[in-house]
**Student:** 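The following block contains the structure, expressed as structure tokens.
Letters A, B, ... are given to chains in the order of the sequence lines, protein chains preceding strands, and every chain is numbered from 1.
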Amino acid sequence: MLRILKPPTTDLDELSKIQRKVAEIIVKRDEIRGLNTIAGCDISFSKKDRAYAACVLLKYPSLKEIDNKTIEVGVNFPYIPTFLAFRELEPMLRVTKDLKADIYMVDAQGLAHPRRAGLASHLGVVMDRPTLGVAKSRLCGEAEPPSDEKGSYSLLKDGREVIGAVVRTRTGVNPVYVSIGHKISLERAIEITLNTSPKYKLPEPIRAAHKLATKAMKGRS
DNA sequence: GCGACAG
DNA sequence: ATCTTGTCGC
């Protein structure tokens, strides 16, 4: 599994095989052991492949911040749609490692990926911890638009397979794309997404991590 | 061949 | 993701 961190190649066919292995390991059942804390992870990029990864630990369901961490890292792998994990997984693991949460929310897809192995799932499998993905836009799959009211959602499907949900976290605002990462059910992922979005489109864990990553980037450039 | 395409 | 000011709307 360390091959995910240090890919033996940059050949996309080989990396696809690694992702298929990750997909085989994903646990779609809810294995959360008491949900009292939730962490949000995000990364901001400045020039020259210099990145700032941030992780914020929040209490659940109060969403009060407990702790956070940011790191500066060099990134070599480029952004290639469907291969995001090979660019962002390592920084995310490093910033996430010291913050112990009952579940980690990632600003990316999880199961809702062509090979069923988005960044959120990679993180969960490598850490062997529950994760879910909440993305701002669609990577693959199709879904009916959910109704306008906050709380409504529709299933995201690839053919007949359900790979995630399109969730309205705020009335009248574009929905987010929710999918399981690891050791969680889609129903629970949707519930957590809604419970952590009291005011804005994006869930608080992701908003907090995004703000922190951006702040770290501006502060050191 | 053409369009789509997380961050 | 990042580059960037004002502006429309609740």
Side-chain angles (χ1 to χ4, degrees), chain A residues 4 12-13 15-16 18-19 22-23 26 40-55 70-96 104-125 131-143 148-150 156-159 163-182 186 189 193 199-203 205-221:
Chain A
I4 298 174
L12 301 187
D13 288 326
L15 296 182
S16 292
I18 291 177
Q19 294 183 316
V22 170
I26 295 174
C41 321
D42 191 37
I43 300 177
S44 286
F45 290 86
S46 59
K47 303 215 168 191
K48 184 197 151 293
D49 294 328
R50 179 64 48 187
Y52 299 82
C55 184
T70 64
I71 58 172
E72 175 177 18
V73 293
V75 175
N76 38 24
F77 200 88
Y79 169 67
I80 302 173
T82 78
F83 293 95
L84 180 66
F86 297 102
R87 175 175 171 77
E88 301 196 353
L89 178 61
E90 182 163 352
M92 202 156 276
L93 271 172
R94 288 178 50 187
V95 79
T96 265
Y104 296 80
M105 183 182 279
V106 183
D107 179 23
Q109 309 286 354
L111 224 216
H113 178 281
R115 292 172 291 283
R116 307 295 180 264
L119 173 60
S121 292
H122 279 74
L123 182 69
V125 167
T131 62
L132 78 154
V134 178
K136 296 180 292 299
S137 59
R138 187 194 68 93
L139 208 211
C140 68
E142 303 144 16
D148 273 359
E149 322 81 59
K150 169 178 182 173
L156 180 62
K157 301 178 182 179
D158 187 352
I163 59 177
V166 182
V167 183
R168 192 81 66 180
T169 49
R170 210 186 150 168
T171 300
V173 175
N174 290 157
V176 294
Y177 294 75
V178 178
S179 59
I180 69 167
H182 187 47
L186 177 59
T193 297
K199 190 172 166 74
Y200 303 100
K201 164 183 172 174
L202 293 179
I206 287 178
R207 290 188 72 240
H210 185 65
K211 266 198 287 186
L212 188 57
T214 301
K215 176 184 171 187
M217 178 178 79
K218 293 170 116 179
R220 295 168 207 176
S221 63

**Student:** As a test of reading the structure: which of C:dA1, B:dC5, B:dG7 is closest to the side chain of A:H210, going by heavy atoms?
**Tutor:**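 Within the option list, the nearest is C:dA1.
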
**Student:** State whether A:K136 and A:D107 are salt-bridged, where the test is any N-O pair (Lys NZ or Arg NE/NH1/NH2 against Asp/Glu carboxylate O) under 4.0 Å.
**Tutor:**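 Salt bridge flag = yes for A:D107 with A:K136.
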
**Student:** Could you tell me the separation between the CG atom of A:D42 and the P atom of B:dA6, rounded to a whole number of Å?
**Tutor:**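 So the CG-P distance, A:D42 to B:dA6, works out to 15 Å.
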
**Student:** How many whole angstroms separate atom CZ of A:F45 from atom P of B:dA6?
**Tutor:** 14 Å

**Student:** When you measure from the side chain of A:M217, which nucleotide among C:dT2, C:dA1, B:dA6 comes out closest?
**Tutor:**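 Looking only at heavy atoms from C-beta outward on A:M217, the closest nucleotide is C:dT2.
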
**Student:** Is the phosphate of B:dC5 approached by A:R138 (side-chain N or O, under 4.0 Å from OP1 or OP2)?
**Tutor:** yes

**Student:** Would you kindly give the CZ-to-C1' distance between A:F86 and B:dA6, to the nearest whole Å?
**Tutor:**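 So the two atoms are 14 Å apart, to the nearest Å.
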
**Student:** Does a side-chain N or O from A:S137 land closer than 4.0 Å to OP1 or OP2 of B:dC5, or not?
**Tutor:** no

**Student:** Give the stems involving DNA chain C, where a stem is 3 or more consecutive Watson-Crick or G-U wobble pairs (i with j, i+1 with j-1, and so on) under 3.5 Å.
**Tutor:** none

**Student:** When you measure from the side chain of A:R87 to the backbone of A:F77, do you find a donor-acceptor pair of N or O atoms at a distance under 3.5 Å?
**Tutor:**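 Yes: the side chain of A:R87 pairs with the backbone of A:F77.
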
**Student:** Nearest whole angstrom, please: distance from the C1' of B:dA6 to the OH of A:Y177.
**Tutor:** 11 Å

**Student:** Within the structure shown, what part of the strands sits under 4.0 Å from A:I43 by heavy-atom distance: base, sugar-phosphate, or nothing?
**Tutor:** nothing

**Student:** Please answer whether the main-chain N or O of A:H113 pairs with a side-chain N or O of A:Q19 as donor and acceptor at a distance below 3.5 Å.
**Tutor:** no

**Student:** Mind checking whether A:H122 and A:F86 have parallel, tilted or perpendicular rings, split at 30° and 60°?
**Tutor:**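 A:H122 vs A:F86 ring planes: perpendicular.
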
**Student:** May I ask you to say what A:T82 touches in the nucleic acid, namely base, sugar-phosphate or nothing, with a heavy-atom cut-off under 4.0 Å?
**Tutor:**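 Base: the residue A:T82, judged by heavy atoms under 4.0 Å, touches a nucleobase.
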
**Student:** A:Y79 near the nucleic acid: base, sugar-phosphate alone, or nothing, with a heavy-atom cut-off under 4.0 Å?
**Tutor:** base

**Student:** Taking atom P of C:dC10 as reference, at what distance in whole Å does atom NZ of A:K201 sit?
**Tutor:** 18 Å

**Student:** Of all the choices, B:dA4, B:dA6, C:dA1, which nucleotide is nearest to the side chain of A:Q109 once you look at every atom?
**Tutor:**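 Closest of the options to the side chain of A:Q109: B:dA6.
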
**Student:** For a quick check of understanding: with a heavy-atom distance under 4.0 Å over all strands, which category does A:A135 fall into, base, sugar-phosphate or nothing?
**Tutor:**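 Sugar-phosphate contact only.
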
**Student:** Name the nucleic acid region contacted by A:K47, choosing base, sugar-phosphate or nothing; use a 4.0 angstrom heavy-atom cut-off, strictly under.
**Tutor:**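 Nothing, no nucleic acid heavy atom in range.
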
**Student:** Does A:Q109 reach the main-chain N or O of A:S137 with its side chain, forming a donor-acceptor pair under 3.5 Å?
**Tutor:**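 Confirmed, A:Q109 side chain pairs with A:S137 backbone.
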
**Student:** What is the distance from CD1 of A:I206 to P of C:dA1, rounded to the nearest Å?
**Tutor:** 11 Å

**Student:** Within this structure, what is the CZ-to-C1' distance between A:R87 and B:dC5, rounded to whole angstrom?
**Tutor:** 15 Å

**Student:** Over all heavy atoms of both residues, which pair between A:L139 and A:P114 is shortest? Give the atoms and the distance, please.
**Tutor:**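 Residues A:L139 and A:P114, closest heavy atoms: CD1-CD, 3.6 Å.
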
**Student:** Report which part of the nucleic acid A:F77 touches: base, sugar-phosphate, or nothing (heavy-atom distance under 4.0 Å, all strands).
**Tutor:** nothing

**Student:** For the residue pair A:R116 / A:S121, report whether a side-chain donor-acceptor contact shorter than 3.5 Å exists.
**Tutor:**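 On atom types as modelled, these side chains do not qualify, holding no pair under 3.5 Å.
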
